Peer 1: 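There's a structure below that I have some questions on.
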Amino acid sequence: DAQTRKLIDEIILELPEQQRLVIELRDVAEVDSAQVCEMLGLSEANQRVLLHRARHKVRLALNDLLIR
């Protein structure tokens, strides 16, 4: 719903810059991984790590907020 989406957006804004950029490009803008790597000058492995960490942090923060 709209409230959950707003929470996710707020959580994403709190991420470290590289994680924020990767998750915004991959999950919000739906840019493919090769393009993200090219745009940000990242290796495929680094992009995957950043995306995994960003998604994990978003899940944890969202879970914490929803449990309250």
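Model, not experiment: these values are computed from the prediction. Note that these values count all heavy atoms, side chains included, but never hydrogens, waters or copies made by symmetry. Note that the numbering runs from 1 along the sequence shown for the chain.
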Peer 1: Once you round to the nearest 0.5 Å, how far does CD of Q47 lie from CD of E38?
Peer 2: 12.5 Å
Peer 1: Examine I12 and L42 and state if one hydrophobic cluster contains both, with Ile, Leu, Val, Met, Phe, Trp and Tyr joined whenever side-chain heavy atoms are less than 4.5 Å apart.
Peer 2: yes
Peer 1: Within the 4.5 Å heavy-atom criterion, are P16 and R53 side-chain neighbours or not?
Peer 2: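 SC-SC contact between P16 and R53 ruled out.
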Peer 1: Mind checking side-chain contact (heavy atoms from CB on, under 4.5 Å) for N63 and listing every partner two or more places apart, or none if nothing turns up?
Peer 2: I67
Peer 1: Write out all pairs satisfying salt bridge (charged side-chain N to carboxylate O under 4.0 Å, His left out) with one or both partners inside residues 21-35, taking only residues at least two apart or from two chains.
Peer 2: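 Listed once each, the pairs are R20-E24, D27-R55.
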Peer 1: Distance check, rounded to the nearest 0.5 Å: L7 atom CG versus D64 atom CG?
Peer 2: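 Spacing of CG (L7) from CG (D64) equals 12.0 Å.
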Peer 1: Step by step, would you call M39 with V31 a side-chain contact (heavy atoms from CB on, under 4.5 Å)?
Peer 2: CA-CA 10 Å; M39 292 168 71; V31 177; 4.2 Å; yes
Peer 1: Taking atom NE2 of H52 and atom CD of Q19, what is their separation to the nearest 0.5 Å?
Peer 2: 10.0 Å
Peer 1: Between atom CD1 of I8 and atom CG of L62, what is the distance when rounded to the nearest 0.5 Å?
Peer 2: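 That separation rounds to 5.0 Å.
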Peer 1: Checking salt bridge (charged side-chain N to carboxylate O under 4.0 Å, His left out) for the pair D9/R5: CA distance, chi angles, key distance, verdict?
Peer 2: CA-CA 6 Å; D9 290 342; R5 182 66 218 175; 2.6 Å; yes
Peer 1: Examine L51 and V49 and state if one hydrophobic cluster contains both, with Ile, Leu, Val, Met, Phe, Trp and Tyr joined whenever side-chain heavy atoms are less than 4.5 Å apart.
Peer 2: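 Cluster IDs for L51 and V49 differ.
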Peer 1: Is L60 reachable from L15 through a run of I, L, V, M, F, W or Y residues, each pair having side-chain heavy atoms under 4.5 Å apart?
Peer 2: no
Peer 1: Under the rule for salt bridge (charged side-chain N to carboxylate O under 4.0 Å, His left out), what residues qualify as partners of E44, not counting sequence neighbours?
Peer 2: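 Listed in chain order: R48.
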Peer 1: Considering non-hydrogen atoms only, spot the tightest contact between C37 and S43 and give its length.
Peer 2: SG-O, 3.7 Å
Peer 1: Mind listing the closest non-hydrogen atom pair of L40 and V22 along with its distance?
Peer 2: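 Heavy atoms only, the tightest pair is CD1-CG2, 3.7 Å.
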